Amino acid sequence: MNIFNIVATAAVALAAAVSAQARPLADIEKSGTIILASEGQYAPFNYFEGKKLTGYEIEVGEAVAKKMGLKYEWKTVGFDALLTGLAQDRWDLVIASHAITEERAKAVTFTLPHYCSGGQITALDPKIRTAADLAGKVVAVQTGTTYLDSVKKVPGVKDVKNFPTDEAARNALSSKRVDAWVTDRFVAKDLIRKVPQAGLKTGDMLFVEQVASAVSKGNTTLADAWNQALKALIADGTIAAISQKYFGEDVTCK
Ligand code: ARG
């Protein structure tokens with residue numbers, strides 16, 4: 001390939017990337033099916049039971065799609081590929097426990113939140129409970145999460161170790177390769193209930209956050225329709241019932 005070919009090929013690739021258009025609501029309605037994306041490795045929010053994708057967010061996503069009069073199709077990919085896939089038009093909406101942050105809001109448009117939660121300190125040693133207790137300690141978090149950002153800001157932490165999944169971060173704690181793990185408070189609560197023998201103990205919450213779905217930046221027709229359907233399902237108790245099933249409490253934002 002000579003330099004002209006290289007430049008021409010690069011220009012075509014760039015044009016393709018730029019012209020990838022998010023599907024507005026009208027296009028999705030015309031096709032009849034919304035493409036939803038999640039991670040599938042974040043119980044009890046989104047995970048696999050055998051071959052079946054399930055969890056609070058999966059049921060919320062399916063209920064909202066139905067309310068919008070749409071069929072749905074799921075894609076599951078690694079957490080770090082979810083938001084970038086929106087910009088590439090690989091799916092219409094991501095529902096995978098992304099908190100609404102200023103940084104992310106530069107790249108995507110968030111819907112209304114479907115739960116309120118926060119990052120919680122989790123350890124085997126009952127003496128590790130507060131942010132101050134993390135001084136001199138090694139802490140595990142999932143890459144690309146708000147937990148990573150927040151632990152980086154805790155003064156005196158010896159090392160923050162990143163893992164591709166939240167479960168890998170938890171395994172690092174279970175096998176004592178780290179001193180603490182920061183994860184979602186409901187993820188920790190669910191584990192303590194389901195696997196009491198693991199001896200996990202929860203300490204303070206480091207921060208609170210609102211968790212929402214994301215659509216391609218500026219795809220407001222889709223975000224508005226999603227919000228309207230979600231609001232109706234919150235009002236009629238559908239979302240609270242799904243929440244009770246997974247958490248034994250209502251995790252929607254009060
Ligand atoms: N709530 C956290 C965040 O906003 C963690 C999300 C992790 N989600 C997942 N599917 N593993 O970054």
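Keep in mind it's a predicted model, so treat the numbers as computed, not measured. Counting starts at 1 for both ligands and their atoms, in listed order. In this chain, residues are counted from 1 in sequence order.
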List the atom pairs, donor and acceptor, that lie under 3.5 Å between side-chain atoms in residues 150-159 and the rest of the protein, sequence neighbours left out.
unit_1, atom_1, unit_2, atom_2, d
Ser150, OG, Tyr147, O, 3.3
Asp159, OD2, Lys161, NZ, 3.1

Let me see the working for Val60 and Tyr246 under side chain to side chain contact (heavy atoms under 4.5 Å, CB included), right down to the final yes or no. CA-CA 11 Å; Val60 168; Tyr246 286 96; over 6 Å; no
At less than 4.0 angstrom from any atom of ligand 1, which residues have a non-hydrogen atom? List them by chain and residue number. Glu39, Tyr42, Asn46, Phe79, Ala96, Ser97, His98, Ala99, Arg104, Gln142, Thr145, Thr146, Tyr147, Glu209
Determine all donor-acceptor pairs shorter than 3.5 Å in which one atom belongs to a side chain in residues 112-120; sequence neighbours excluded.
unit_1, atom_1, unit_2, atom_2, d
His114, NE2, Glu57, OE2, 2.7
Tyr115, OH, Ser97, OG, 2.7
Ser117, OG, Asp184, OD1, 2.8
Ser117, OG, Asp184, OD2, 3.2
Gln120, NE2, Gly203, O, 3.1

Taking everything shown except Lys254 itself, do over 12 heavy atoms lie less than 6.0 Å from its NZ? yes
Show your reasoning for whether side chain to side chain contact (heavy atoms under 4.5 Å, CB included) applies to Ile35 and Arg23. CA-CA 10 Å; Ile35 317 285; Arg23 293 199 300 165; 3.8 Å; yes
Among pairs that include at least one residue of residues 177-210, which meet disulfide (SG to SG under 2.5 Å), considering only residues two or more places apart or in two chains? none
